[in-house]
Novice: 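Quick one: the structure is below, questions incoming.
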Amino acid sequence: MKIGLIGCGNIGQFLLKSLNVDGFLDGSQIDAVFVRNKEGYEDLSHRYSTSFYDDFQTFLQSDVDLVIEAATVQSVQQYAREIIKHGKDLLIISVGALADSSFFDELKALSELNGKKVYLPSGAIGGLDVLKATQLTGQLDSVTLTTRKPAASLTDEPVESELVLFDGSAFEAIRKFPKNINVSIILSLAGIGVERTRVKIVADANVNKNIHFIEAKGSFGKLTLNIENNPMPNNPKTSYLAALSVLSSLKDSHEMLEIG
Ligand SMILES: NC(=O)C1=CN([C@@H]2O[C@H](COP(=O)(O)OP(=O)(O)OC[C@H]3O[C@@H](n4cnc5c(N)ncnc54)[C@H](O)[C@@H]3O)[C@@H](O)[C@H]2O)C=CC1
Ligand SMILES: O=C([O-])CC(=O)C(=O)O
């Protein structure tokens, strides 16, 4: 499979190394990378044997089957439609863009119309399988997420011990923290939606992990899940698991036997 990539930051470079150097998926590699300004990317282009583009239309013309977005919520809003219309599958990690239900519906309709898949990896959390299964019959009553990150990842203000920066719906959470709480949106999409999913964001001076605590209740019983993610060295806001979840989605897209 030929893959295109939008964004060459922390997750993007992890994917380049995993696919183009380590050979994570046999026969698949990133052949085209879209960045806003390709000056200065010569070394990476050489190291990963890949082409960099800073003109989106030219990037779209490249012969890739699937595009991975690893940039920003805004870039999904800007480019997702065109990618699908150009006959390419799309994997989105900045899933916060889909908090807008009309945009979500539009992408879903476009993907169906064009026969192209949209992959939304689980990112830096787990437990989505439980929510997906139980919400089918409408018997999921509540979902809450408490995210705790090192204070400096969330705020420039000095924090002595901990500070609750946000308490409200997932819809509002991603609007206020678009780089930090994409997890709340994948959780909402698997469960009871962006308005009913409650989110608390805590800046904690005493942690060095990105911690997500999920609680869900319904006719199935009760789920509690606490995940303490190691951050990635190049962007401590982002958990290592988020990057791994992209690889896992890619692998699943190739499998005939599905687990979970
Ligand atoms: N779903 C999830 O669980 C998670 C999602 N994320 C999201 O994944 C995305 C990538 O994360 P990182 O790699 O850690 O971020 P990063 O900030 O290290 O890299 C993003 C790169 O995208 C580039 N970029 C920004 N706008 C662009 C555009 N319009 N076109 C092309 N490139 C553009 C930036 O220059 C930067 O190099 C972020 O939106 C982040 O919030 C991160 C962690 C978990
Ligand atoms: O990586 C994480 O732990 C969560 C994150 O940044 C996000 O959901 O945007």
Side-chain angles (χ1 to χ4, degrees), residues 4-18 32-41 44 52-60 67-80 82-83 91-99 119-128 145-150 152-154 165-166 170 173-190 194 197 199 201-204 207-214 225-249:
L5 172 69
I6 298 180
C8 191
N10 170 52
I11 293 181
Q13 289 187 41
F14 170 83
L15 296 173
L16 279 166
K17 179 170 181 303
S18 302
V33 183
F34 175 72
V35 291
R36 285 168 298 178
N37 178 356
K38 68 179 181 180
E39 254 174 64
Y41 283 102
L44 288 185
F52 278 75
Y53 299 83
D54 53 15
D55 177 74
F56 191 68
Q57 292 308 321
T58 319
F59 169 76
L60 273 184
V67 173
I68 300 176
E69 173 281 326
T72 57
V73 161
Q74 206 191 11
S75 73
V76 178
Q77 291 156 345
Q78 199 174 347
Y79 304 127
E82 285 216 68
I83 292 166
L91 185 153
I92 297 173
I93 190 68
S94 304
V95 287
L98 302 175
Y119 299 97
L120 306 176
S122 48
I125 53 167
L128 301 179
L145 166 71
T146 303
T147 287
R148 188 174 286 272
K149 286 191 179 188
S153 290
L154 289 167
L165 292 177
F166 178 84
I174 192 71
R175 213 173 57 77
K176 295 203 166 120
F177 294 88
K179 293 183 180 206
N180 275 295
I181 202 77
N182 286 281
V183 284
S184 71
I185 303 306
I186 197 69
L187 194 68
S188 303
L189 295 177
V194 291
T197 304
V199 177
I201 301 176
V202 185
D204 192 327
V207 299
N208 57 7
K209 307 222 181 244
N210 297 326
I211 303 170
H212 304 293
F213 177 68
I214 297 165
L225 189 150
N226 192 49
I227 178 148
E228 300 188 6
N229 282 302
N230 290 327
M232 289 188 84
N234 295 334
N235 181 358
K237 286 198 253 305
T238 290
S239 301
Y240 181 43
L241 181 64
L244 293 177
S245 80
V246 175
L247 291 182
S248 175
S249 265

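Read the numbers this way: they start at 1 and go in the same order the structure lists the ligands and their atoms. Scope of the values below: all heavy atoms of this structure, side chains included, with no hydrogens, waters or symmetry mates.
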Novice: Looking at non-hydrogen atoms alone, which of Gly7, Gly9, Ala71 comes nearest to atom 10 (C) of ligand 1?
Specialist: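 The option holding the nearest heavy atom is Ala71.
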Novice: I'd like to check whether Asn182 has a polar contact with ligand 1, where a contact means an N/O of the residue lying under 3.5 Å from an N/O of the ligand.
Specialist: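 Checking ligand 1 against Asn182, an N or O pair does fall under 3.5 Å apart.
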Novice: Look at atom NZ of Lys179 and say whether more than 12 heavy atoms of other residues, nucleotides or ligands are closer to it than 6.0 Å.
Specialist: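 No, NZ of Lys179 has 12 or fewer neighbouring heavy atoms, counting only those of other groups under 6.0 Å.
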Novice: Geometry only, no angles: is Ile11 polar-contacting ligand 1 at N/O separations under 3.5 Å?
Specialist: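 N/O-N/O distance under 3.5 Å: yes.
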Novice: Is there a side-chain contact between Gln13 and Cys8 in this structure, where contact means two heavy atoms from C-beta onward sitting under 4.5 Å apart?
Specialist: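 With C-beta onward as the side chain, the pair touches.
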Novice: Would you check the N or O atoms of Asn180, main chain and side chain alike, for any that come under 3.5 Å of an N or O of ligand 1?
Specialist: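 There is no such contact.
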Novice: Please say whether Gly12 places an N or O atom under 3.5 Å from an N or O atom belonging to ligand 1.
Specialist: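 It does not: no N or O of Gly12 is found under 3.5 Å from an N or O of ligand 1.
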Novice: So is there a nitrogen or oxygen of Gln78 less than 3.5 Å from a nitrogen or oxygen in ligand 1?
Specialist: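 No: no nitrogen or oxygen of Gln78 is under 3.5 Å from one in ligand 1.
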Novice: Would you say Val35 has any N or O atom under 3.5 Å from an N or O of ligand 1, going by distance alone?
Specialist: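 Between Val35 and ligand 1 (N or O atoms, distance only) the closest approach is not under 3.5 Å.
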Novice: In ligand 1, which numbered atoms sit nearer than 4.0 Å to a non-hydrogen atom of Ser94?
Specialist: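 Listed by number with element, the hits are 7 (C), 8 (O), 9 (C), 38 (C), 39 (O).
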Novice: Compare Phe56, Tyr240, Tyr79 and give the one whose heavy atom is closest to atom 29 (N) of ligand 1.
Specialist: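 Answer by nearest heavy atom: Tyr79.
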Novice: Quick check on Gln57: does its CD atom have over 12 non-hydrogen neighbours (other residues, nucleotides or ligands) under 6.0 Å away?
Specialist: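 Yes - once you tally the heavy atoms of other residues, nucleotides and ligands closer than 6.0 Å, there are more than 12.
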Novice: Distance-only, no hydrogens or angles: does the Gln74 side chain make a donor-acceptor pair with backbone N or O of Gln77 under 3.5 Å?
Specialist: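 No, Gln74 side chain to Gln77 backbone: no donor-acceptor pair under 3.5 Å.
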Novice: Does Phe14 offer a backbone N or O that forms a donor-acceptor pair with the side chain of Ser18 under 3.5 Å?
Specialist: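 Yes, Ser18 side chain to Phe14 backbone: donor-acceptor pair under 3.5 Å.
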Novice: Considering Ile6, Asn10, Leu241, Thr238 one by one, which has a heavy atom nearer to atom 43 (C) of ligand 1 than any of the others?
Specialist: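 Shortest heavy-atom distance from atom 43 (C) of ligand 1: Thr238.
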Novice: Apply side chain to side chain contact (heavy atoms under 4.5 Å, CB included) to residues Phe34 and Ser75 and explain how you reach the verdict.
Specialist: CA-CA 11 Å; Phe34 175 72; Ser75 73; over 6 Å; no
Novice: Strictly under 4.0 Å, does any heavy atom of Ile186 approach an atom of ligand 1?
Specialist: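 Contact check Ile186 vs ligand 1: negative.
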Novice: So, Asp54 side chain and Lys38 main chain: donor-acceptor pair closer than 3.5 Å or not?
Specialist: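 Checking the backbone N and O of Lys38 against the side chain of Asp54, a donor-acceptor pair under 3.5 Å is found.
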Novice: Of all the non-hydrogen atoms in the protein, which one sits nearest to atom 17 (O) of ligand 1, and at what distance?
Specialist: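 Here the closest protein heavy atom is Asn235 ND2, 3.7 Å.
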Novice: Working note: Phe59 + Ile6, criterion side chain to side chain contact (heavy atoms under 4.5 Å, CB included); need CA distance, chi angles, decisive distance, verdict.
Specialist: CA-CA 9 Å; Phe59 169 76; Ile6 298 180; 4.0 Å; yes
Novice: Can you spot which of Ile186, Asn180, Ile181 makes a side-chain contact (heavy atoms from CB on, under 4.5 Å) with Ser184?
Specialist: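 Only one of Ile186, Asn180, Ile181 forms a side-chain contact (heavy atoms from CB on, under 4.5 Å) with Ser184, namely Ile181.
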Novice: So which of Asn182, Ile185, Ile174 actually passes side-chain contact (heavy atoms from CB on, under 4.5 Å) with Ser94?
Specialist: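 Of all the options given, the one that passes is Asn182.
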Novice: Starting from the N and O atoms of ligand 2, collect every protein N/O partner closer than 3.5 Å and put each pair on its own line with the distance to 0.1 Å.
Specialist:
residue, atom, partner, partner atom, Å
ligand 2, 1 (O), Ser239, N, 2.8
ligand 2, 1 (O), Ser239, OG, 3.2
ligand 2, 3 (O), His212, NE2, 2.8
ligand 2, 3 (O), Ser239, OG, 2.5
ligand 2, 6 (O), Lys149, NZ, 2.8
ligand 2, 6 (O), Lys237, O, 3.1
ligand 2, 8 (O), Asn182, N, 2.9
ligand 2, 8 (O), Val183, N, 2.8
ligand 2, 9 (O), Ile181, N, 3.2
ligand 2, 9 (O), Asn182, N, 3.0
ligand 2, 9 (O), Asn182, ND2, 2.9

Novice: Counting distance only, does the side-chain N/O of Ser245 pair as donor-acceptor with the main-chain N or O of Ala242 below 3.5 Å?
Specialist: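 A pair under 3.5 Å: yes.
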Novice: What do you reckon, does Glu69 have a nitrogen or oxygen under 3.5 Å from a nitrogen or oxygen of ligand 1?
Specialist: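 Among all N and O atoms of Glu69, none is under 3.5 Å from an N or O of ligand 1.
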Novice: Should Pro121 and Ile92 count as side-chain neighbours, where that means a heavy-atom distance under 4.5 Å?
Specialist: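 No, too far: nothing below the 4.5 Å cut-off.
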